[in-house]
Amino acid sequence: MQQDSANIPFWRDIRILKILFQVLFIIGIILLALFLYTNMLQGLDDQETELSWDFLFSEAGFDIEEGTYSDPSEEENDSDPSDENLKGFWIGIVNTLRESIEFDPSDTNLKAFWIGIVNTLRVSIVGIFCATIIGFLFGIARLSSNWLISRIAAVYVEIFRNTPLLLQILFWYPLILVLPNVRESINFFDSIFINQRGVFLPSAEPAEGFNTWMWYLLSGIILAILVVIGFAVFRYLSRSRELQQTDRPSFVSNLIFSAKWTAAPIILIVPFLAWFLTPDAPLELSRPELQKFNFVGGIDLTPEFTALLIGLTVYTSAFIAEVVRAGIQSVVKGQREAARSVGLKESQVLRLVVIPQAIQVIVPPLTSQYLNLAKNSSLGIFIAFPDLFQIGKIIIGQTGQSVPTFAMIMTCYLIVSLTTSAFMNWYNRRITRFDSSS
Amino acid sequence: MNENTTNDPIIICEDVHKWFDDFHVLKGITTTFKKGERAVICGPSGSGKSTFIRTINRLEEHQRGTIIVDGIELSNDLRNINLIRQEVGMVFQQFNLFPHLTNIKNITLGPIQVRKMSKKAAEEAALALLERMDIADQAYKYPSEVSGGQQQRVAIARALAMEPKIMLFDEPTSALDPEMISEVLDVMRELAHSGMTMLVVTHEMGFAREVADRVMFFDEGVVVEEAAPADFFDNPQHDRTKLFISQTLQH
């Protein structure tokens with residue numbers, strides 16, 4: 001039965017229907033957006049607030065204890081006078097960086113917001129780092145043939161994966177607050193102190209030779225980059241002659257190969273070499289020292305930061321452990337057998353054959369876990385950790401500018417998430433150049 | 001017996017038993033393989049033939065009896081297991097090449113990591129092996145980029161790179177498209193003539209007749225019959241063997 005295409009009524013014509021539905025959908029979205037917008041204007045009108053960005057540059061009027069740098073020499077007048085003598089380009093940069101996270105109630109709301117961003121990034125980056133390591137350990141441990149180890153890993157994963165994160169954070173926080181007081185700190189080697197005010201760690205502070213050392217370091221790094229590129233060019237050209245067109249590795253992969261073999265020694269050797277060339281010590285160890293009321297010097301992690309970090313790390317590591325376990329189990333049994341049959345030891349089987357294949361399966365869900373951790377850091381609000389979200393809330397409370405502030409908070413989380421995602425996607429593409437279907 | 005076969009035993013199996021839970025897979029295998037001998041192991045599926053050769057490099061653990069490979073007893077001693085695995089190469093039905101490594105790196109992995117060979121020496125040896133397998137031009141491709149027959153030859157080269165004294169083949173041609181079977185069998189034939197001790201689980205009866213010194217017929221976990229190929233194919237003694245041969249040779 002032949003039908004002339006001109007005779008199809010339009011409500012049955014697939015070509016027309018396709019376009020029609022899209023047009024209707026767009027109209028629907030525009031109407032919804034219009035409704036939300038007028039609703040917002042109505043709401044702002046009722047509250048008698050005007051949309052404006054001026055509040056960002058007005059005085060904050062509140063203090064932030066967390067993640068801000070306070071110069072110990074300002075608080076303690078008897079500090080080492082040599083600190084004052086430090087001069088030079090790099091010292092200037094360090095000082096600028098420090099000023100960027102100094103905060104005073106007289107600073108602007110924008111500066112407060114910046115401190116919030118820094119705090120969110122701090123807890124997220126350290127959290128992602130720790131959760132990855134712990135997650136991998138427990139994921140591998142859960143597959144151990146040692147019954148005890150695999151049971152312990154299973155219990156860890158099941159407990160922390162199946163209870164709410166908020167509950168866990170609210171559990172860790174008081175645990176830190178009931179630690180010994182400052183005078184009776186738990187002391188490790190006179191360098192690390194743990195007490196109810198948080199964790200105090202030693203830090204490296206710039207000293208006399210810092211400026212000179214940084215110049216040596218910079219020239220070392222530039223030299224190293226030149227060596228890497230030079231080696232890659234040499235390798236690319238020489239391999240091109242040896243191999244046929246199809247087998248020739250690309251210049252980029254040569255560059256990566258070259259960097260892989262030269263970067264590690266450079267990262268290790270250059271700073272030490274520069275240290276020897278510098279007449280004065282470039283860095284000095286700053287240990288936390290007990291002053292009248294608290295520790296001074298070193299790095300100070302507040303109870304809020306510590307509790308949030310532990311909460312995020314433990315919770316996320318349980319999920320990462322499962323992701324790792326699934327990845328390892330996705331590698332077929334024959335791969336292990338083949339690896340064993342060429343004589344590899346169990347640790348080599350895991351490192352050289354299983355993990356490189358599992359990592360491809362692991363990376364995409366691992367990315368989701370990283371994003372979750374970064375976003376979950378907003379739960380710090382319940383223990384008054386001054387992250388992006390908490391400071392945003394304070395600003396809203398003080399200025400009433402909820403719409404612009406929420407827009408800023410959302411934008412910041414989006415930027416963090418999309419950047420993480422982009423990086424992980426790039427990494428994933430790099431490691432999945434081959435097809436694992438065989 | 002072929003010209004390479006000696007009288008020195010290299011694998012000695014004494015009353016080898018193996019259970020998978022309640023299932024008694026190997027019911028007391030006692031046999032000896034001599035240096036340079038080529039044995040073909042056949043039998044219906046589930047007869048324990050694959051399990052048997054897998055006990056020889058401890059991919060499967062036997063629960064009773066003794067297996068001595070090149071003077072080393074396979075026990076729970078990790079060092080012995082590792083030593084034997086270095087002496088025994090294995091080729092699998094599913095190739096089991098490492099998909100994340102190029103063909104040449106598949107081959108050099110063992111020599112570099114286990115034999116502690118230098119990368120350069122290992123690569124030269126690997127290229128020579130690929131040349132012998134007639135696939136030198138595939139060295140820098142990934143396994144997924146070459147055909148099944150070529151993958152299986154890379155897998156053979158990978159096993160040979162460890163310079164094993166014994167080669168185990170677990171149905172090496174069963175997963176191949178028909179037109180690729182002969183290229184793998186050619187390589188195995190060449191290997192047999194070079195004097196390698198080979199234990200081959202296969203359904204390729206032509207290969208068995210031509211290359212084997214001895215054909216072993218497994219059924220239900222025991223060796224029902226073993227004989228030189230001429231006797232085995234032309235004058236089988238047991239009914240089960242006769243049935244199996246008539247079924248396999250029909251096509």
Interface moiety of F98(B) toward chain A, non-hydrogen atoms closer than 4.5 Å: both
Heavy-atom contact with chain A under 4.5 Å, split by part of R115(B):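 For R115(B), there is no contact with chain A at all, as no heavy atom is under 4.5 Å.
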Should I68(B) and I11(B) count as side-chain neighbours, where that means a heavy-atom distance under 4.5 Å? no
For the pair R132(B) and E190(B), find out whether any cationic side-chain nitrogen is under 4.0 Å from an anionic carboxylate oxygen. yes
Is any side-chain N of the basic residue among E123(B) and K105(B) closer than 4.0 Å to the acidic one's carboxylate O? no
Between E337(A) and chain B, which part of the residue has a heavy atom less than 4.5 Å away: side chain, backbone, both or neither? both
Which residue out of Q93(B), R54(B), Q86(B), R58(B) racks up the most heavy-atom pairs below 4.5 Å with chain A? R54(B)
Between E145(B), M162(B), Q113(B), which has the largest tally of heavy atom pairs under 4.5 Å with chain A?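 Of E145(B), M162(B), Q113(B), Q113(B) has the most heavy-atom pairs under 4.5 Å with chain A.
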Is the cationic atom of R214(B) (NZ for Lys, CZ for Arg) positioned less than 6.0 Å from the six-membered ring centroid of F33(B) and within 45 degrees of its normal? yes
To the nearest 0.5 Å, how far apart are CG in L373(A) and OH in Y315(A)?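 Going from CG on L373(A) over to OH on Y315(A), the span is 10.5 Å.
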